[in-house]
Amino acid sequence: MLTILVLLYLGCAVTQCQKTCGYYNVTDALGVLQLSPTLVYLRPVTDWREPTYVTLDMTFRSVLQMDEKLQTLSSLMDIEMTWENQLLSWDSEEFCGISRVSIPESTIWIPDIYISETIEDNSLDVLYVHLYNNGTVQRTKTLNVMTTCTLDLYKFPFDEQKCNLTFGISTNPVKDVILASGLKAGNITLLSKATFTTGEWSLQNVKVFPLNISKNGETWSKMIYQISIKRAPMMYVINLIIPACLLVVVDVASMFIPMEGGERLGFKITVVLGFSVLLLILNDFLPNTDTPPILGVFCMVCLLIMIVSIIDSIFIAYMLHLSAVRPEVPHWLKLWVLKRLAFLVRIPTNERKLGSNILGHENTVIEKAVSLPEQENSTSKQVSKEFKDSMEIKLLKKLLRELLLVRQHLIVTKQEEEDKSEWHMVAFVLDRFILILYLIIVTLIAVIMVSVWVA
């Protein structure tokens, strides 16, 4: 009889042990699957004056998209929240050493964490949370959110951006729920870099700032994660910066095309059109801000100098036309261009020394030569026929008269050519002045741009 009782006792003990070794035994004992309003809607504390500490850790995983025009950041991150539920705990020894169970998220109270900068949330819902025997609840969620981010594009495309993610509680002030970080900023940075997907952006560091904000007479707990990311500039260097620099070099080289003809003007207009396409591409990347990027300033200055060089080419073509219509260069233009501006750009100019005296002297000789026949007719009445000039002398005088006329024509032609050469010299001095100004301005803005990128 005693043996039967012992066997019955052992059987009951084994049966009872089997009954309490399942996860459902824990959930049934806690009543957590019964969707109790007390567990779902109320903060799980035994004394309402005691705040709930929520530990929030974030791991930044990837930059999905950065929209510079809208100044928005689409990112992927993991957040892990841990808090204590004082209403749900058990002795693991009573349930065969079970220290953790996974329960549906909808069955217990969850802190209503939100991100202040969120514009759009495409995150998947969390189905389960981990509940530990000491009442600790752990919730892990992957966020796919689009947030606002104030971008500083002054150093574009060698820029580094800092975007803030402000986590907060929407319904519980700091006297009820306090947010805190479980990991230090250095550890968060290391974990984020280990899982970060590097594309156009690379992760630099993650900083954490706990903050309390007063609003409507109450204080609210906040947690700010500052994400520092750096752009990979190689694509923009190849597709934007190098073509822009090459177009500037080509435009500078076009200044050495001969001024005669319209080849230079047509070539420069083609370069400006190509440069305008690059400006349109750059405009698609950049927002409308009060501080434009230094690259945009460089491109606009280069475009302005290109336009000035086109105007210079038009003005030079007009001056070359004046050399045929108006041979004489105005005195003020000689003074300011051939003397002062030529001295400034170190271009030697030789003034024409053929004066009106030489031409007047030749005209006097010609007039005398032409008047010889008239003098001959007047003296023929006074001189006898024996002293008349022979036919050979008359022929020589006529030949002299023709030679003097040819000489006068050559002198006038030479004077006209020298006048034209003066117009050409004026055009050349102005052209070289624009070229030197072009090189100085482009070099200066390029040095400033590189120094800003390096700093």
Side-chain angles (χ1 to χ4, degrees), residues 244-276 279 294 297-359 410-451:
C245 295
L246 290 178
L247 285 177
V248 171
V249 172
V250 169
D251 190 65
V252 171
S254 68
M255 300 292 287
F256 296 96
I257 298 177
M259 295 178 290
E260 295 80 3
E263 292 82 4
R264 177 196 285 193
L265 184 59
F267 186 82
K268 281 184 168 294
I269 292 176
T270 303
V271 173
V272 169
L273 291 177
F275 203 84
S276 301
L279 288 180
I294 188 65
V297 176
F298 170 77
C299 292
M300 289 305 301
V301 171
C302 291
L303 181 62
L304 178 62
I305 297 299
M306 288 179 182
I307 297 299
V308 172
S309 66
I310 289 179
I311 297 175
D312 172 67
S313 299
I314 295 174
F315 189 60
I316 287 174
Y318 177 70
M319 285 191 295
L320 295 180
H321 171 71
L322 286 180
S323 65
V325 178
R326 182 183 177 183
E328 184 68 23
V329 178
H331 177 71
W332 65 269
L333 201 57
K334 290 182 181 180
L335 176 64
W336 286 98
V337 178
L338 293 182
K339 288 186 177 181
R340 298 180 180 179
L341 190 59
F343 175 78
L344 182 63
V345 297
R346 295 295 187 269
I347 297 179
T349 57
N350 296 322
E351 295 188 12
R352 178 171 50 88
K353 297 185 178 180
L354 180 62
S356 59
N357 294 331
I358 299 177
L359 186 59
L410 292 176
I411 292 174
V412 172
T413 303
K414 184 178 181 180
Q415 182 178 358
E416 292 178 354
E417 290 179 354
E418 290 181 353
D419 289 334
K420 289 183 180 181
S421 66
E422 284 188 345
W423 278 110
H424 281 259
M425 182 57 68
V426 170
F428 180 75
V429 172
L430 288 176
D431 189 59
R432 287 300 169 262
F433 174 73
I434 294 297
L435 175 60
I436 295 173
L437 186 65
Y438 194 147
L439 293 176
I440 292 175
I441 294 178
V442 171
T443 304
L444 181 62
I445 189 64
V447 170
I448 295 175
M449 180 177 63
V450 173
S451 62

For this session: Determine whether the side chains of Ser309 and Lys268 contain a donor N or O and an acceptor N or O closer than 3.5 Å.
Result: yes

Problem set entry | Minimum side-chain heavy-atom gap Ser313-Ile316 below 4.5 Å | no

Exercise. Would a 4.5 Å heavy-atom cut-off, applied to side chains only, mark Val308 and Tyr438 as touching?
Worked result: no

For this session: Please name the pair of heavy atoms, one in Val442 and one in Cys302, separated by the smallest distance, quoted to 0.1 Å.
Result: CG2-SG, 4.3 Å

Exercise. Looking only at heavy atoms, which two atoms of Ile441 and Val301 are closest? And how far apart?
Worked result: CG2-CG1, 3.5 Å

Exercise. If you take all heavy atoms of Leu279 and Cys299, which pair is closest and at what distance?
Worked result: CD2-CB, 3.2 Å

Problem set entry | Atom of Thr443, atom of Leu439 and distance for their closest heavy-atom approach | OG1-O, 2.6 Å

Seminar exercise, completed: Separation between CG (Asp312) and CZ (Arg432), nearest 0.5 Å, reads 10.0 Å

For this session: Take Asp251 and Leu247 through the side chain to side chain contact (heavy atoms under 4.5 Å, CB included) test and state the conclusion after the steps.
Result: CA-CA 6 Å; Asp251 190 65; Leu247 285 177; over 6 Å; no

Seminar exercise, completed: Rounded to the nearest 0.5 angstrom, the CD1-CG distance for Ile436 and Asp431 is 10.0 Å

Exercise. Under 4.5 Å between any side-chain heavy atoms of Leu435 and Phe256, yes or no?
Worked result: yes

Exercise. In Å and rounded to the nearest 0.5 Å, what is the CZ to CG distance from Phe298 to Leu303?
Worked result: 11.5 Å

For this session: Taking all non-hydrogen atoms of both residues into account, name the closest pair between Glu263 and Ile257 and its distance.
Result: CB-CG2, 4.5 Å

Exercise. Out of curiosity, Ile305 CD1 to Leu437 CG, how far, rounded to the nearest 0.5 Å?
Worked result: 5.5 Å

For this session: Working to the nearest 0.5 Å, report the span between CG of Leu265 and OG1 of Thr270.
Result: 9.5 Å

Exercise. Would you say Arg264's side chain and Pro258's backbone share a donor-acceptor pair under 3.5 angstrom?
Worked result: no

